[in-house]
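Encoded as structure tokens, the structure appears first; notes follow it.
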Amino acid sequence: SHWWERPDLRYRDGRLVFDGKDLRGIAAEGTPAYVYRAGRVRENLERLSGALASAGVAHDLYYALKANRYPPLLRAIRATGRCGIDACSPAEVRHALAHGFDESQVSFTGHAVSEPDLDVLAAHPGVHVNCDAISTIRRLGRRSPGRAIGIRLNPGVGAGYNDRLRYAGAKPTKFGVYPDRFEEALATAAESGLAVDTLHFHVGSGYQGDAVDVLDQVLAGAGRLLDAHPGIRRLNVGGGIGVRMTEADVPVDLARWAAVIARHVVPRGLRVAVEPGDYLVKDAGLLLVQVNTVEDKAGTRFVGVDAGLGILNLWAYYGIPYVVAPLSARPGARRERVTISGNINEAIDLLAEDVELPALEEGDFLALINVGGYGSAAASNHCMRGEYREILLPEAR
């Protein structure tokens, strides 16, 4: 067995099976193809909400739409009745509303918000807006006096899959209002006729087990601001909980995560908002590709496939690894170290480097596992190679 196998994703008689489906049949109908399992998303959502409820934390969940906006998947999330939408652009707000979410279920947090962006937000007064800059507060107030808003705080420390995905740290980042200007932000809101009901922060994307200590530190700092301003009754702790991407990764202990949040918010009587994206959908999706070239070059065996960074850029852009698994296992096949290369004419267009796999042949199919978040949602048509399919495996009725 492999470390990443689980009851709904494993080899059965030498064939990779996802939610009871032999993936070779789906791949034979055309690759590249993203395949998602709705049941896994629901299970992840229930696990997250259950941890908070067990810790006594009153909470609301908002799915981070930027992680994956595939309409059937979005409808499946809405059907759970367990969460709203975290949007970061006017188009995402419209997308959420078009797929059945009410304005009251949408929370917006965006950076470099333009005048046309603000016009859209003003036209949807039920959408809750977390302002990322004092400028946003001032300009939103001109359009929507009397509106309740949140203020996004830059906590000064962050955590994520790696340094590229930490949203705060020693180097100043573009996100949020720093604590030294928080009073100015509150004063601007008051002058603009806006009521501040939420303090928001986000530490990064993809934090793992030990980063709960960072969250604890950030919550302590947020708590001091909340104590100074007791009129703010909700704390939005953002998203960012990661998924185990390598065997060495230590996943977040949700019970401990929820207990840390509870220690800071329950005594203060605060309601918590959480914005999971990757945690809900990353391990609920995989990408099927076909090998078309196997060739040694200067001592490296390159395995070329029919997808590239235009369809999946997690490794090329962010250095995020994912599991590479053949759809069919050949008994007794020798193992070799290979680099999986994409079909885009860019030097960085690699999907995986120096991974050990059973010997591959041209025509074989592979699954890239744990790519349900920030895969298709970040796709482009670079080199006009942006075509792919998406399939949702529905829950059994």
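- Looking at residues two or more places apart in sequence or on another chain, you find no side chain to side chain donor-acceptor pair (under 3.5 Å) involving Arg24.
- Counting only residues at least two apart or on different chains, the salt bridge (Lys or Arg N to Asp or Glu O under 4.0 Å) pairs with a member in residues 184-197 are Arg181-Glu184.
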>> Does Leu366 form a side chain to side chain contact (heavy atoms under 4.5 Å, CB included) with Leu360? I'd like the steps, not just the answer.
In response: CA-CA 9 Å; Leu366 303 175; Leu360 297 170; 3.8 Å; yes
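- For the ring pair (Phe, Tyr, Trp, His ring centres under 6.0 Å) condition, the pairs that include at least one residue of residues 40-74, sequence neighbours left out, are Tyr36-Tyr70.
- Using a 4.5 Å heavy-atom threshold, the side chains of Asn236 and Val272 count as separate.
- Taken to the nearest 0.5 Å, the CZ atom of Arg263 stands 10.5 Å off from the CZ atom of Arg268.
- Between Arg233 atom CZ and Leu199 atom CG the span is 12.0 Å, to the nearest 0.5 Å.
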>> The test is side chain to side chain donor-acceptor pair (under 3.5 Å); show your working for Glu346 and His382 and say whether it passes.
In response: CA-CA 10 Å; Glu346 301 286 352; His382 190 33; 2.8 Å; yes
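- Going from atom CG of Leu280 over to atom CD of Glu46 covers 11.0 Å, rounded to the nearest 0.5 Å.
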>> Show, in sequence, the C-alpha distance, side-chain angles and deciding distance for Asp278 and Ile241, and conclude whether the side chain to side chain contact (heavy atoms under 4.5 Å, CB included) test is met.
In response: CA-CA 7 Å; Asp278 244 16; Ile241 300 176; over 6 Å; no
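- A donor-acceptor pair under 3.5 Å is formed between the side chain of Glu362 and the backbone N or O of Val294.
- Here the side chain of Glu5 pairs no donor or acceptor atom with the backbone of Arg10 at under 3.5 angstrom.
- Under the side chain to side chain donor-acceptor pair (under 3.5 Å) criterion, no residue pair touches residues 76-101, with sequence neighbours excluded.
- Residue Arg69 places its CZ atom among 12 or fewer non-hydrogen atoms of other residues, nucleotides or ligands, all under 6.0 Å distant.
- Nearest approach of Ile344 to Gly310, heavy atoms of both residues: CG1-N, 4.2 Å.
- Residues satisfying the side chain to side chain donor-acceptor pair (under 3.5 Å) criterion with Ser54, sequence neighbours excluded, are absent altogether.
- Ion pairing of Glu43 with Arg6 is absent here, as no side-chain N (NZ or NE/NH1/NH2) approaches a carboxylate O to less than 4.0 Å.
- Inspection of the Glu275 and His200 side chains reveals an N or O donor paired with an N or O acceptor under 3.5 Å.
- Remark: side-chain polar atoms of Arg271 are not paired, donor with acceptor, to backbone N or O of Val265 under 3.5 angstrom.
- Asp253 contributes a side-chain N or O that, together with a main-chain N or O of Ala255, makes up a donor-acceptor pair within less than 3.5 Å.
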>> Between Leu118 and Leu121, is the side chain to side chain contact (heavy atoms under 4.5 Å, CB included) condition met? List the steps.
In response: CA-CA 5 Å; Leu118 290 168; Leu121 295 173; 4.3 Å; yes
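- Leu65 CG to Cys88 SG: the interatomic distance, rounded to the nearest 0.5 Å, is 7.5 Å.
- The shortest distance between side-chain heavy atoms of Ser192 and Pro145 does not fall below 4.5 Å.
- Using a 4.5 Å cut-off on side-chain heavy atoms (C-beta onward), Leu254 and Arg47 make contact.
- Side-chain contact between Arg234 and Asp60 is present, with heavy atoms from C-beta onward closer than 4.5 Å.
- Separation of atoms OG (Ser104) and NE2 (His124) is listed at 13.0 Å; rounding is to 0.5 Å.
- The ring pair (Phe, Tyr, Trp, His ring centres under 6.0 Å) contacts involving residues 328-363 comprise nothing, where partners must be two or more places apart or lie in separate chains.
- Remark: the backbone N or O of Glu356 is paired with a side-chain donor or acceptor of Arg335 at under 3.5 angstrom.
- A distance-only check finds a donor-acceptor pair linking the side chain of Gln208 to the backbone of Val243 [under 3.5 Å].
- In this structure, the side chain of Ser144 does not engage the main chain of Arg147 through any donor-acceptor pair within 3.5 Å.
- Considering only heavy atoms from C-beta on, Val93 comes within 4.5 Å of Phe108 through its side chain.
- Enclosure of atom CG in Asp227 by more than 12 non-hydrogen atoms of other residues, nucleotides or ligands within 6.0 angstrom is indicated.
- Within 6.0 Å of atom CG in Asp13, 12 or fewer heavy atoms from other residues, nucleotides or ligands are found, so the atom counts as exposed in its surroundings.
- Every residue two or more places apart in sequence or in another chain was checked for a side chain to side chain donor-acceptor pair (under 3.5 Å) with Arg385, and none qualifies.
- The shortest side-chain heavy-atom distance between Val250 and Asp210 does not fall under the 4.5 Å cut-off.
- Each ring pair (Phe, Tyr, Trp, His ring centres under 6.0 Å) pair with one or both residues in residues 244-303, not counting sequence neighbours, would appear here, but there are none.
- The residues Glu115 and Arg142 are annotated as not salt-bridged, no charged nitrogen and carboxylate oxygen being separated by less than 4.0 angstrom.
- With sequence neighbours left out, the side chain to side chain donor-acceptor pair (under 3.5 Å) criterion links Arg75 to no other residue.
- In this structure, Asp349 contributes its side chain and Leu309 its backbone to a donor-acceptor pair below 3.5 Å.
- Between the side chains of Asp306 and Thr31, at least one donor N or O sits under 3.5 Å from an acceptor N or O.
- The CG atom of Asp117 sits 8.5 Å away from the CZ atom of Arg139 when rounded to the nearest 0.5 Å.
- The neighbour count for Glu183 CD, taken as heavy atoms of other residues, nucleotides or ligands under 6.0 Å away, is above 12.
- Sorted by first and then second residue, the pairs that involve residues 218-248 and meet ring pair (Phe, Tyr, Trp, His ring centres under 6.0 Å), not counting sequence neighbours, are Phe182-His229.
- Between the side chains of Tyr178 and Asn154, at least one donor N or O lies within less than 3.5 Å of an accepting N or O.
- At least one side-chain heavy atom of Tyr322 sits under 4.5 Å from a side-chain heavy atom of Leu312.
- Without hydrogens or angle criteria, Asp249 side chain to Met245 main chain gives a donor-acceptor distance under 3.5 Å.
- Residue Val35 shares its hydrophobic cluster (ILVMFWY side chains chained together at separations under 4.5 Å) with Trp3, Trp4, Leu9, Tyr11, Leu16, Phe18, Leu23, Ile26, Leu286, Leu288, Val323, Leu327, Phe365, Ile369, Ile391, Leu393.
- Within the structure, the salt bridge (Lys or Arg N to Asp or Glu O under 4.0 Å) test picks out the following pairs touching residues 315-334 (sequence neighbours left out): Arg330-Glu361, Arg330-Asp364, Arg334-Glu336.
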> Is there a side chain to side chain contact (heavy atoms under 4.5 Å, CB included) between Ile348 and Tyr317 once you walk through the steps?
Replying inline: CA-CA 8 Å; Ile348 66 170; Tyr317 288 178; 3.9 Å; yes
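- Between the side chains of Asn130 and Ser107, a donor-acceptor pair is found at a separation under 3.5 Å.
- With Asp22 contributing its side chain and Val17 its backbone, the two residues share no donor-acceptor pair below 3.5 Å.
- A 4.5 Å side-chain heavy-atom check between Ile151 and Leu186 finds at least one atom pair inside the cut-off.
- The pair Asp354-Arg301 does not meet the salt-bridge criterion, since no charged nitrogen lies less than 4.0 angstrom from a carboxylate oxygen.
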